[in-house]
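Residue numbers begin at 1 in each chain, while the letters A, B, ... track the order of the sequences. In this text the structure is predicted, and so the values were computed from the model without any measurement. Computation of the quantities below employed the complete heavy-atom set of this structure, encompassing side-chain atoms and omitting hydrogens, waters and symmetry-equivalent molecules.
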Amino acid sequence: MLTIDLNSTSSGASLARLALLAHLRVTGLKAGTARRYLEYQALKASLDLFKPDAFVPWTSYLFPPEIPAAYGLTPLIPEIAAATLMGTDYRAPLETSMNRCSLSRDVCSYHRSALAALEADLLPAPSVCLGTTPLCLGKDRLLDELADRLGIAYLDVEVPIPPDDGPAEAQQVAQVAEELRLVHEELGSLSGRASQLSRAVHLSNRAAAAWKEITDARLSGEMLLNGRQTFSFNFIGQLVRGTEAGAKGFEKLLSTRGRKDLLVPVTPRFRLLWLHTVPHFDHGLVDLITERGGVVVFEEMGRMQMDQVDAADPFPGLARRLLEHPLWGTASRRARLVVELAHACRADGVIHFNQWGCRQGLGSVPALREAFAAVGIPFVAIDGDALEAPGTGAGRANTQLESFLELLE
Amino acid sequence: MTCPYVSGLLPQAERALASASEDVLVAPSGCDAMRRCGDLLAAGFPGRVLTIRVPRTAKARAVATFASELRVLMDWLDQRAYPAPRDLVNRATATDSTGQDGGGEWGTTFPFSPYQPGGVFLISGPLDGKQLFELFKELGASLSGLDSCSSAQREESLAVAWPLAADEPDLLGLSRAVLTQTVCPRRPASERLAYLRSRLLEAKPVAVVYARQSFCDPAAYDALGLARLAAELSLPFLEVEVGLPLEVTGPLRTRVEAFLETLLLEF
């Protein structure tokens, strides 16, 4: 196996970056789908982060992507970067680095592998770290550790817990909006670039409008998309939100051709709602669902960033979106929202993926279990590691899922 | 996959709330596991559990946010005819007569008195007994200092910073005191490491042992930073994973023993 140091300034590294892009571009053009287009655009933008002197913002998953986009910056989101590397020939050196990494093995595998990737020079070092309190403390600690280690700034946005019912309080929105404004300003000083925030918000709004239309169609039953693949689409989409490419990528979903590789061609025997993250490489669980005639019709993580934000005064809208994110807040709030979602997508059953080391996800499982039991919707929580290699997650997880699917049948 | 402190706390809290219907519980959530623990208790005992989120930083906004949380806490307790939080602070800051770390409800009577330079500096999560101290003692090592979640030293500074006699509590002041003076592993790495650096320089140990509680994110990242700091100060560093209750099992004992032997310390 040949791996090339993408961080290098050598001509070999440049060629490797070009070759990777060329391959994806050809695939994307052939397919003509939103998914392939977005993958190409996200990789293209991300590979620029490996260039010498690139300004690299390591950014938490829920940090408003419009803010880096306003400065023409592509966020390096540790979870996405780790998952992407694990799907390439770089998995082996990354796993070697993970074995050497002195960070405890019981923390979230996304964060541990991102740190190991940085230590092995498989990812570019951050120029700044950007974070928000949601969703978890782990990523906060990772970004903080990196900032301290490298002597760079960590700009984090303190987000209070929203009420269990109803919208976030006006005072909370104002507080978070002010923090976002300050972080936006500071990012401008650090990067030395001029902001085009209104433009970034406008472009993100185009993506949001398309995503909402697709989501509404999925929830009404008019459109059946593969929830597993749609998760990946939205996951990768975070990298280009607030850009022209991002807007186009999401809008491509609106055509039948653009979403043909996400469409489910059969009528499912049972409909499933998937909660939390997914196993990115070990397809055993999803294959089992497919074998039994089931389909993941919706994914919890897909229900985000659908509202329009006022491009002339974006901070309150961005703040509200953060505060009211479906996975933020108490476990009771999350339970209420996912029960509503399960009803909306007419789910016959619900699967929660217990990502290794995710305290906030695992900690809300008892509340979810109780909430689904109260409304009579079958629920199962399956332990796993989103980054595990194909085949390694078999065993207990498959047995758990098999029993659950038998129950549904 | 959850920290043993929370795993142990949750059923105990449930039992306590179930057995005394007039009791209430306040869950300060500084990490995801505690936050979810508070959520679950609040869902199970409506109206009797209040979760307050403790920010990590002491930025002005975080101080203001936490002061608001404290106001909510006071009002909530008042409605239930419970004593104001300052009484709780009084109790939490109680130290033993020697003024040493330990004592209180944890029962971790400190067996080394006083601290001695040239020994081990121990950093740990909550300690529920003195097994670890006894292990060091048995292996002939002295202790130069301790920084632990159950260390009374942390709250002591809080009691000084917050005037307990005030009729109208200065919640902003209390908030600032909590967020600036309790430099625990949750705090920003730069502040935490600066604090530990001064502790280490003051204590003059010859080695550092981090007894990291399993499944604790703040401790996991704290240990990473401390390993860097120890290397910078040329102090040998050992990180061991421990549970709660802490049991000095064979592997833990062997690792500590080997570490101390390697050091060839002259205790």
Side-chain angles (χ1 to χ4, degrees), chain A residues 101-108 111-112 115 131 133 135-149 151 154 156-161 164 169 171-172 175-176 178-179 182 329-336 354-367 370-371 383, chain B residues 1-3 6-7 10 29-44 46 51-53 55-57 59-66 68-69 185-194 210 212-225 227-229 237 239 241:
Chain A
C101 182
S102 50
L103 179 63
S104 167
R105 285 168 191 267
D106 60 34
V107 306
C108 169
H111 303 141
R112 191 161 175 275
L115 178 67
T133 322
L135 280 176
C136 67
L137 184 65
K139 62 98 190 59
D140 207 21
R141 292 311 316 262
L142 169 71
L143 296 173
D144 188 15
E145 160 67 20
L146 292 180
D148 187 64
R149 188 185 287 197
Y154 176 35
D156 62 325
V157 179
E158 182 75 33
V159 183
I161 302 284
D164 276 3
E169 293 158 12
Q171 188 198 346
Q172 293 181 321
Q175 177 199 325
V176 176
E178 177 59 11
E179 290 224 21
L182 292 171
T330 67
S332 301
R333 179 177 187 268
R334 184 180 178 208
R336 178 178 62 80
N354 294 341
Q355 158 63 359
W356 176 256
C358 179
R359 323 285 180 225
Q360 65 86 21
L362 186 67
S364 56
V365 166
E370 198 170 312
D383 295 335
Chain B
M1 286 203 292
T2 294
C3 94
V6 168
S7 307
L10 185 60
S29 67
C31 67
D32 291 330
M34 269 304 285
R35 179 160 65 90
R36 289 307 189 207
C37 176
D39 287 352
L40 296 179
L41 290 168
T51 303
I52 54 171
R53 213 176 70 72
R56 281 187 61 228
T57 71
K59 291 189 296 188
R61 286 195 175 277
V63 169
T65 303
F66 189 53
S68 309
E69 295 263 346
R186 293 178 50 254
R187 300 298 307 283
S190 56
E191 293 170 26
R192 169 74 174 161
L193 291 178
Y210 201 122
R212 178 181 53 75
Q213 186 178 268
S214 55
F215 299 107
C216 174
D217 286 345
Y221 286 94
D222 193 41
L224 262 190
R228 278 192 286 125
L229 177 62
F237 175 77
E239 179 184 343
E241 184 178 306

*Asks:* Might you point out which heavy atoms bring Ile161(A) and Arg35(B) nearest each other, and give the distance in Å?
*Replies:*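 Closest heavy-atom pair between Ile161(A) and Arg35(B): CD1-CD, 4.0 Å.
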
*Asks:* Would you say the side chain of Asp39(B) lies within less than 4.5 Å of the side chain of Ser364(A), judging by non-hydrogen atoms?
*Replies:*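 Sidechains of Asp39(B) and Ser364(A): no contact.
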
*Asks:* Relative to chain B, which segment of Val159(A) carries a heavy atom at a distance below 4.5 Å: side chain, backbone, both, or neither?
*Replies:*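 Just its backbone gets close to chain B.
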
*Asks:* If you round to the nearest 0.5 Å, how far is CG of Asp32(B) from NZ of Lys139(A)?
*Replies:*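 One gets 8.0 Å once the value is rounded to the nearest 0.5 Å.
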
*Asks:* Quick one, Thr133(A) and Arg53(B) - any side-chain contact, counting heavy atoms below 4.5 Å?
*Replies:*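 A side-chain contact under 4.5 Å exists here.
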
*Asks:* Indicate yes or no: at least one non-hydrogen side-chain atom of Thr51(B) is less than 4.5 angstrom from one of Thr330(A).
*Replies:*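 Side chain of Thr51(B) against side chain of Thr330(A), heavy atoms only: no contact under 4.5 Å found.
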
*Asks:* Name the region of Leu115(A), side chain, backbone, both or neither, that has any atom closer than 4.5 Å to a heavy atom of chain B.
*Replies:*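 It is the side chain, since no backbone atom gets that close.
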
*Asks:* Who passes side chain to side chain donor-acceptor pair (under 3.5 Å) against Arg112(A), sequence neighbours left out?
*Replies:*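 So Arg112(A) forms no side chain to side chain donor-acceptor pair (under 3.5 Å) with any residue.
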
*Asks:* Sort Asp140(A) into side chain, backbone, both or neither according to what part of it lies under 4.5 angstrom from a heavy atom of chain B.
*Replies:*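 Both parts, backbone and side chain.
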
*Asks:* If you count heavy-atom pairs within less than 4.5 Å of chain A, which of Ala43(B), Pro188(B), Gly225(B) leads?
*Replies:*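 That would be Pro188(B).
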
*Asks:* Do you know which of Glu145(A), His111(A), Gln175(A) has the most heavy-atom pairs with chain B at a distance under 4.5 angstrom?
*Replies:*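 Among Glu145(A), His111(A), Gln175(A), the one with the most close pairs to chain B is Glu145(A).
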
*Asks:* For residues Arg149(A) and Arg228(B), report the shortest heavy-atom separation together with the two atoms involved.
*Replies:*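 It is CA-NH1, 3.6 Å.
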
*Asks:* To the closest 0.5 Å, what do you measure between CD (Gln172(A)) and OG (Ser68(B))?
*Replies:*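 Result: 10.0 Å between the selected atoms.
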
*Asks:* Before accepting this row, confirm whether a basic side-chain N of the pair Arg212(B)/Asp106(A) lies closer than 4.0 Å to the acidic partner's carboxylate O.
*Replies:*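 Salt bridge present between Arg212(B) and Asp106(A).
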
*Asks:* So, using salt bridge (charged side-chain N to carboxylate O under 4.0 Å, His left out) as the criterion, who are the partners of Arg105(A) when residues are at least two apart?
*Replies:*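 Per chain and number, Arg105(A) pairs via salt bridge (charged side-chain N to carboxylate O under 4.0 Å, His left out) with no residue.
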
*Asks:* For Arg186(B), is it the side chain, the backbone, both, or neither that has a heavy atom closer than 4.5 Å to a heavy atom of chain A?
*Replies:*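 It is the backbone, since no side chain atom gets that close.
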
*Asks:* Between Asp144(A) and Arg56(B), is there a salt bridge with N-O shorter than 4.0 Å?
*Replies:*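 Here Arg56(B) pairs with Asp144(A) in a salt bridge, since their nearest N and O are under 4.0 Å apart.
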
*Asks:* Need one label for Cys37(B): side chain, backbone, both or neither, based on atoms under 4.5 Å from any heavy atom in chain A.
*Replies:*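 Neither part.
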
*Asks:* Is Arg36(B) close to Arg359(A) at the side-chain level, that is, under 4.5 Å between some pair of heavy atoms?
*Replies:*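 Contact flag for Arg359(A)/Arg36(B) side chains = no.
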
*Asks:* Within a strict 4.5 Å, meaning less than it, do heavy atoms of the Leu224(B) and Ser102(A) side chains meet?
*Replies:*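 Yes - at least one pair of side-chain heavy atoms lies under 4.5 Å apart.
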
*Asks:* Quick one: pull up CG in Leu362(A) and CZ in Phe215(B) and give me the separation to the nearest 0.5 Å.
*Replies:*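 The CZ atom of Phe215(B) is 9.5 Å from CG of Leu362(A), to the nearest 0.5 Å.
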
*Asks:* Which bit of Glu69(B) is near chain A, if near means a heavy-atom gap under 4.5 Å: side chain, backbone, both or neither?
*Replies:*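 Answer is neither: Glu69(B) stays 4.5 Å or more from chain A.
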
*Asks:* What part of Thr65(B) is in contact with chain A, defined as an atom under 4.5 angstrom from a non-hydrogen atom: side chain, backbone, both or neither?
*Replies:*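 Just its side chain gets close to chain A.
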
*Asks:* Measure Leu193(B) against the heavy atoms of chain A and call it side chain, backbone, both or neither at under 4.5 Å.
*Replies:*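 Answer is side chain: those atoms of Leu193(B) sit under 4.5 Å from chain A.
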
*Asks:* Is it true that atom CD of Glu178(A) has more than 12 heavy atoms of other residues, nucleotides or ligands lying nearer than 6.0 Å?
*Replies:*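 Yes.
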
*Asks:* Can you name the closest pair of heavy atoms from Leu137(A) and Pro218(B) and give their distance?
*Replies:*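 Shortest heavy-atom separation between Leu137(A) and Pro218(B) comes out as CD2-CG, 3.6 Å.
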
*Asks:* At what distance, to the nearest 0.5 angstrom, does CD of Glu158(A) lie from NZ of Lys59(B)?
*Replies:*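 One finds 6.5 Å between CD of Glu158(A) and NZ of Lys59(B).
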
*Asks:* Work out which heavy atom in Ala220(B) is nearest to a heavy atom in Val107(A); give both atom names and the distance.
*Replies:*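 Answer, listing the atom of Ala220(B) first, then Val107(A): CB-CG1, 3.5 Å.
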
